[in-house]
Amino acid sequence: MSSVPPDIAHNSSEEEMAECSRNEAYDFNRYALIVYVGTPIAIAGVICNWILFRLFTKSKSTKSPALYLLLLAVLDLLMDLLYIPFFTVDALAIYHKNEFLYHIWHDYAMFVFGLSRLVQFASTYIILCATIERFIVVAEINSLNFLISSTGRFVTIGITFLGVAILRLPAFFEYYITFRPDCPIYENYDYTPLLAGWEHYQMFNFYVMTVLHIFVPFALLLMLNISIVVVTKRKLTGIGWAVTTFIDMPKVSEMIRKESINSNKRRRDELRYATWTMVSIATTYLCCSSLSLFIGILENVWPKNTLLFQEDGSSTKFYTLASDAVSILVAVNSLLRIFVYLLCSPNFRKQLVKEYPCLKCIACGADSDEKAKKIKEEKKLFIGYQNLIMGARVDML
């Protein structure tokens, strides 16, 4: 923590008081949003992502596409852990006028701030890397096969983390916190601009934080998700037509026909489960990032609008609550991952029940829905093949 430079003098007590910083106030609504809503979500996220971390480390994920999911679980775990010391402790300290927490918070605030920026940035691009890999697999882009190999994943992850570290490392040095013993309690810490006071860094921060962190991943994930869904539907339809054509061929034995049906159904299931898992992860990210995108546009396109700032330059209540909600949505996004895996991956459900038998009721609920859907599809498939054998038209099925 930095001290006040000795050459700074104050002419009067009124000037001293005028230069003291003021913390953003915590009314009950803001306090409740952070402590009663955000904190339980963050704690639940810590538990769920620890479960994911345990499961992925035991399933040899380092040699499969699940490596991205393992890293995502680690980053989400860190993000949820950082929420409590950064947001919860600050709210408790100021709302309850707790001097101990207030001083402790300012000792680590800039480190936690920089680390949270780095982790959140890395998490966004790990999701993007995993989505790109899924697109390469689904679209069968053979020229990019290296990226979906075990070596290619490690290279991609290494380059991603190196880029993230270089771009977000300056966040640790945007400000330094200065203690002001001459100011009253809760107004005696100043955030003195370090890099933040440099005009070129402000431009750099805009393009990194706003463009690369919000706009670019949002646009790419949206386009990739739409492309993956379209290509997957075509592939599944293609597999179905391949089976149909095979069945219609004369002089094909019943055994080969059944084997073909089962084999192609397995291929369809594997493709569908893997694809919808990644699409769901990206979609939850897009939904939870929408508010951040909206606030980012307002901050940079209309920086002086009355929705964000009052006439005296202070933040409006909407801006303060919206900024807190953005942080909570980050925690919500990390919490939702385990439910995405439960709904989209039968193998994950089996692994979860094996490792944590107490969660069997949750997994069984998802399994029952999957079985009902499977029975319905098999019934439709059987009727379809029967009609084809009997000479019915394909467009009537």
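Everything numeric in this text was worked out from a predicted model, so none of it was measured.
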Member of Phe179, Trp105, Tyr175 meeting the ring pair (Phe, Tyr, Trp, His ring centres under 6.0 Å) criterion with Tyr189: Phe179
Rounded distance (nearest 0.5 Å) linking atom OG1 of Thr320 with atom CG of Asn29: 12.0 Å
Working to the nearest 0.5 Å, report the span between CD1 of Ile132 and CG of Leu221. 8.0 Å
Is there a side-chain contact between Leu69 and Tyr341, using heavy atoms and a 4.5 Å cut-off? yes
Salt bridge (Lys or Arg N to Asp or Glu O under 4.0 Å) partners of residues 26-44, not counting sequence neighbours, each pair once: Glu24-Arg30, Asp27-Lys317, Arg30-Asp324
Restricting to salt bridge (Lys or Arg N to Asp or Glu O under 4.0 Å), what partner residues turn up for Glu133, sequence neighbours left out? Arg153
Min side-chain heavy-atom separation Met223-Thr131 under 4.5 Å: no
To check you understand the geometry: which heavy-atom pair defines the closest contact between Phe154 and Ser150, and what is its length? CD1-O, 3.1 Å
Compare all side-chain heavy atoms of His213 with those of Val164 and state whether any distance is below 4.5 angstrom. no
Which residue pairs pass the salt bridge (Lys or Arg N to Asp or Glu O under 4.0 Å) test when at least one of the two sits in residues 73-89, sequence neighbours left out? Asp76-Arg337
If you measure from CD on Glu99 to CD1 on Ile185, what distance do you get to the nearest 0.5 Å? 4.0 Å
Name every donor-acceptor pair, under 3.5 Å, that has one atom in a side chain of residues 142-149 and the other anywhere in the protein, sequence neighbours excluded.
from: Asn145; atom 1: ND2; to: Asn142; atom 2: O; distance (Å): 3.3
from: Ser149; atom 1: OG; to: Phe146; atom 2: O; distance (Å): 2.6
from: Ser149; atom 1: OG; to: Gly152; atom 2: N; distance (Å): 3.1

Got a second to check how far Leu162's CG is from Leu167's CG, nearest 0.5 Å? 9.0 Å
Leu67 and Phe56: side-chain contact (heavy atoms from CB on, under 4.5 Å), yes or no, with the steps? CA-CA 8 Å; Leu67 174 61; Phe56 288 137; over 6 Å; no
Angle class for the Tyr31/Phe28 ring planes (parallel below 30°, perpendicular above 60°, tilted otherwise)? tilted
Let me check something: any side-chain donor-acceptor pairs from residues 84-95 under 3.5 Å, sequence neighbours excluded? List them with distances.
from: Thr88; atom 1: OG1; to: Thr39; atom 2: OG1; distance (Å): 2.8
from: Asp90; atom 1: OD2; to: Tyr26; atom 2: OH; distance (Å): 2.7

Give me the atom names and distance for the closest heavy-atom approach of Tyr102 to Glu187. OH-N, 3.7 Å
Would you check if the side chain of Gln351 reaches a backbone N or O of Leu55 as a donor-acceptor pair within less than 3.5 Å? yes
When every non-hydrogen atom of Cys288 is compared with those of Val332, the smallest separation belongs to SG-CG1, 4.3 Å
On a heavy-atom basis, the closest approach of Pro193 and Gly197 is CB-N, 3.6 Å
Inter-residue atom distance Leu293.CG - Phe215.CZ, 0.5 Å rounding: 5.5 Å
Between Thr284 and Asn333, is there a donor-acceptor pair closer than 3.5 Å when you use the side chain of the first and the backbone of the second? no
Is there side-chain contact between Ile34 and Tyr83, with heavy atoms separated by less than 4.5 Å? yes
So, using side-chain hydrogen bond (donor to acceptor under 3.5 Å, both in side chains) as the criterion, who are the partners of Glu174 when residues are at least two apart? Tyr201
Would you mind listing every side-chain hydrogen bond (donor to acceptor under 3.5 Å, both in side chains) that reaches into residues 154-166, with sequence neighbours excluded? none
Greater than 12 external heavy atoms within 6.0 Å of Phe204's CZ: yes
Just how far is it from atom CD1 of Ile127 to atom CG of Leu71, taken to the nearest 0.5 Å? 12.0 Å
Any Ile177 side-chain heavy atom under 4.5 Å of Asp190 side chain: no
Taking side-chain hydrogen bond (donor to acceptor under 3.5 Å, both in side chains) as the definition, give me every residue that meets it alongside Ser227, ordered by chain and number, with sequence neighbours left out. none
Shortest non-hydrogen pair, Leu291 vs Ala322, comes out as CD2-O, 3.8 Å
Looking at side-chain heavy atoms only, is the closest gap between Leu70 and Thr57 below 4.5 Å? yes
Report the residues that fulfil ring-ring contact (aromatic ring centres under 6.0 Å, His included) with Phe100, sequence neighbours left out, ordered by chain and then residue number. none
Could you walk me through whether Leu77 and Leu52 satisfy the side-chain contact (heavy atoms from CB on, under 4.5 Å) test, starting with their C-alpha distance in whole Å, then the side-chain angles of each, then the deciding distance to 0.1 Å, before giving a yes or no? CA-CA 9 Å; Leu77 179 62; Leu52 291 177; over 6 Å; no
Which pair of non-hydrogen atoms, one from Ile166 and one from Pro170, has the smallest distance, and what is that distance? O-CD, 3.5 Å
Would you say that Ser334 contacts Asn49 through its side chain, given a criterion of any heavy-atom pair below 4.5 Å between the two side chains? yes
Has Ser289 got a side-chain atom pairing as donor or acceptor with Leu286's backbone, closer than 3.5 angstrom? no
What donor-acceptor contacts under 3.5 angstrom involve side-chain atoms of residues 117-126, with partners at least two apart or in another chain?
from: Thr124; atom 1: OG1; to: Gln120; atom 2: O; distance (Å): 3.0
from: Tyr125; atom 1: OH; to: Leu212; atom 2: O; distance (Å): 2.5

Residues passing the side chain to side chain contact (heavy atoms under 4.5 Å, CB included) test with Ile47, sequence neighbours excluded, are Ile43, Ile51
Should Phe218 and Ser290 count as side-chain neighbours, where that means a heavy-atom distance under 4.5 Å? yes
For Tyr186, all residues meeting side-chain hydrogen bond (donor to acceptor under 3.5 Å, both in side chains), sequence neighbours excluded: none
Ile328 reachable from Tyr36 in the ILVMFWY side-chain graph, under 4.5 Å edges: yes
